[in-house]
**Student:** 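There's a structure below that I have some questions on.
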Amino acid sequence: MLNGKTALVTGSTSGIGLGIARSLARQGARIVLNGFGDVEAARAEVAALGVEVDYHGADMSKPAEIADMMAFAAARFGRVDVLVNNAGIQHVAPIEEFDPARWDAVIAINLSSAFHTTRLAIPAMRQADWGRIINIASTHGLVASPFKSAYVAAKHAIVGLTKVVALETATTGITCNAICPGWVLTPLVARQIEARSHDEGISVQQAERELLEEKQPSLAFTTPQELGELAVFLCGPASKNVRGVAWNVDGGWVAR
Ligand code: NAD
């Protein structure tokens, strides 16, 4: 379905980004990876699916590096047809103790990076009259939790950005949508489970169970592969009138 198309997935050396890159590669898309994890392992996993793959190490908190990555992708493969804004970090602290530098980093990486990649990707998408922009938001783009002020602010904002871009491209072949996962067992969440286990003096398994019981009624983690399959749907012809949605995949988290 995506033969001849190029997908750039930010923060795709692990977790959800890598899962989405794998799903898009299975549909034949060339992949541009990005992120600070195990680059060679991610590259090998995607290449094993039989598609061309390259990597750019741009730091998503740095607009000049983002511009360089977008230029690199265009030079390497022609243009970016599918843009997945996925890179993200978390920082957990009460607001009065929240380190301002961490606030700036969360806003830059989880929100502003998507503004920069999107503004740079859209001209070529308009020329082709085709494009898919998928923003990985979160249930925290729809509802809040305490101690995650920067993350919740950034994720609510990226849902808003998604709607604006969807409206500005509504009469074109470009769509922009957000995916809002609940808990997905990736390195980002594993760190929160470890912190909980440490703080409460409980086992990692118990901390995992408590985390799910607190928020996710299905008591099961969403997987990167499930999110990858939703991204495939959002790239497909049946979704061409799906515009500006924030689609939660959260085991019922925001239903209650
Ligand atoms: P992860 O830590 O496994 O992956 C994050 C990726 O972003 C990694 O590749 C990392 O190297 C990259 N990254 C971090 N800082 C970067 C920077 N400055 N520049 C470039 N790359 C950078 O985490 P994940 O859980 O897969 O998270 C991916 C996205 O999904 C994030 O936006 C996160 O907020 C969102 N999300 C995750 C969950 C969850 O439960 N795991 C739930 C909802 C939303």
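The structure displayed is predicted, hence computed values, not measured ones. We count ligands from 1, going down the list as the structure has it; atoms in each ligand are counted the same way.
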**Student:** Output the list of atoms in ligand 1 that are nearer than 4.0 Å to some heavy atom of Gly35, sorted by atom number.
**Tutor:** 11 (O), 21 (N)
**Student:** For atom 15 (N) of ligand 1, what is the nearest protein heavy atom, given as residue, atom name and distance?
**Tutor:** Ile89 CG2, 3.7 Å
**Student:** Would a single hydrophobic cluster contain both Val165 and Ile107, if residues Ile, Leu, Val, Met, Phe, Trp and Tyr are joined by side-chain heavy-atom contacts under 4.5 Å?
**Tutor:** yes
**Student:** Please classify the Ser113 to ligand 1 contact at 4.0 Å (heavy-atom distances, strictly less than): side chain, backbone, both or neither.
**Tutor:** neither
**Student:** Could you identify the single nearest non-hydrogen protein atom to atom 19 (N) of ligand 1 and state the distance to 0.1 Å?
**Tutor:** Met60 N, 2.8 Å
**Student:** Quick one: nearest non-hydrogen protein atom to atom 1 (P) of ligand 1, plus distance?
**Tutor:** Ser14 OG, 3.6 Å
**Student:** Pull out every atom of ligand 1 sitting under 4.0 Å from any heavy atom of Ser12, numbered as shown with elements.
**Tutor:** 9 (O)
**Student:** Around atom NZ of Lys215, are there more than 12 heavy atoms from other residues, nucleotides or ligands closer than 6.0 Å?
**Tutor:** yes
**Student:** If hydrophobic clusters are built by linking Ile, Leu, Val, Met, Phe, Trp and Tyr wherever their side-chain heavy atoms come under 4.5 Å apart, do Leu2 and Ile134 end up in the same one?
**Tutor:** yes
**Student:** Please check whether Phe36 reaches ligand 1 - meaning an N/O of the residue sits under 3.5 Å from an N/O of the ligand, judged on distance alone.
**Tutor:** yes
**Student:** For ligand 1, note which part of Val184 has a heavy atom under 4.0 Å away: side chain, backbone, both or neither.
**Tutor:** both
**Student:** If the contact criterion is a heavy-atom separation under 4.0 Å, does Ala108 count as touching ligand 1?
**Tutor:** no
**Student:** Please tell me whether His91 and Tyr151 form a close aromatic pair, meaning their ring centres lie under 6.0 Å apart.
**Tutor:** no
**Student:** I'd like to know whether ligand 1 has Lys62 as a neighbour, heavy-atom separation below 4.0 Å.
**Tutor:** no
**Student:** Are side-chain N/O atoms of Asp250 and Thr139 paired as donor and acceptor at under 3.5 Å?
**Tutor:** no
**Student:** Of all the atoms in ligand 1, which lie at a distance below 4.0 Å from a heavy atom belonging to Asp59?
**Tutor:** 17 (C), 18 (N), 19 (N)
**Student:** Taking the six-membered ring of Phe115 as reference, does the cationic atom of Arg119 (NZ for Lys, CZ for Arg) lie under 6.0 Å from its centre and within 45° of its axis?
**Tutor:** yes
**Student:** Considering heavy atoms of the protein only, find what lies nearest to atom 43 (C) of ligand 1 and give residue, atom and distance to 0.1 Å.
**Tutor:** Pro181 O, 3.2 Å
**Student:** Nearest non-hydrogen contact with atom 23 (O) of ligand 1 belongs to which option: Leu188, Val9, Asn135?
**Tutor:** Leu188
**Student:** Using heavy atoms and a threshold below 4.0 Å, how should the contact between Ala137 and ligand 1 be classified: side chain, backbone, both, or neither?
**Tutor:** backbone
**Student:** Taking C-beta and beyond as the side chain, do Val80 and Met70 meet within less than 4.5 Å on heavy atoms?
**Tutor:** yes
**Student:** Taking only heavy atoms of Thr186 into account, list the atoms of ligand 1 that are under 4.0 Å away from them.
**Tutor:** 3 (O), 23 (O), 24 (P), 25 (O), 26 (O), 41 (N)
**Student:** Which ligand 1 atoms, with their elements, are less than 4.0 angstrom from a heavy-atom of Gly37?
**Tutor:** 11 (O)
**Student:** Quick one: look up the protein heavy atom nearest atom 13 (N) of ligand 1 and list residue, atom name and how far away it is.
**Tutor:** Ala87 CB, 4.3 Å
**Student:** Between Lys155 and ligand 1, which residue portion shows a heavy-atom distance shorter than 4.0 Å: side chain, backbone, both, or neither?
**Tutor:** side chain
**Student:** Using a 4.0 Å cut-off to any heavy atom of Gly15, which atoms of ligand 1 qualify?
**Tutor:** 3 (O), 26 (O)
**Student:** Side chains of Asn85 and Thr10: donor-acceptor distance under 3.5 Å anywhere?
**Tutor:** no
**Student:** Report yes or no: do Thr6 and Arg30 form a side-chain donor-acceptor pair below 3.5 Å?
**Tutor:** yes
**Student:** Using a 4.0 Å heavy-atom threshold (strictly under), name the region of Cys180 that reaches ligand 1: side chain, backbone, both or neither.
**Tutor:** neither
**Student:** With a 4.5 Å cut-off on side-chain heavy-atom distances among I, L, V, M, F, W and Y, is there a chain of contacts connecting Ile133 to Trp130?
**Tutor:** no
**Student:** How about Ile202: does its CD1 atom have over 12 heavy atoms from other parts shown lying under 6.0 Å from it?
**Tutor:** yes
**Student:** Any idea which protein heavy atom is nearest atom 37 (C) of ligand 1, and the distance to it?
**Tutor:** Ile16 CD1, 3.4 Å
**Student:** May I ask you to list the atoms of ligand 1 that are less than 4.0 angstrom from any heavy atom of Asn34?
**Tutor:** 20 (C), 21 (N)
**Student:** Within the 4.5 Å heavy-atom criterion, are Leu24 and Val84 side-chain neighbours or not?
**Tutor:** yes
**Student:** Select the closest option to atom 7 (O) of ligand 1 among Ser61, Gly182, Gly11, judged by heavy-atom distance.
**Tutor:** Gly11
**Student:** Nearest non-hydrogen atom to atom 32 (O) of ligand 1 belongs to which of Thr139, Asn86, Ile136?
**Tutor:** Asn86
**Student:** Using a 4.0 Å heavy-atom threshold (strictly under), name the region of Thr222 that reaches ligand 1: side chain, backbone, both or neither.
**Tutor:** neither
**Student:** Please identify which atoms of ligand 1 are closer than 4.0 Å to at least one heavy atom of Tyr151.
**Tutor:** 33 (C), 34 (O), 35 (C), 36 (N), 43 (C), 44 (C)
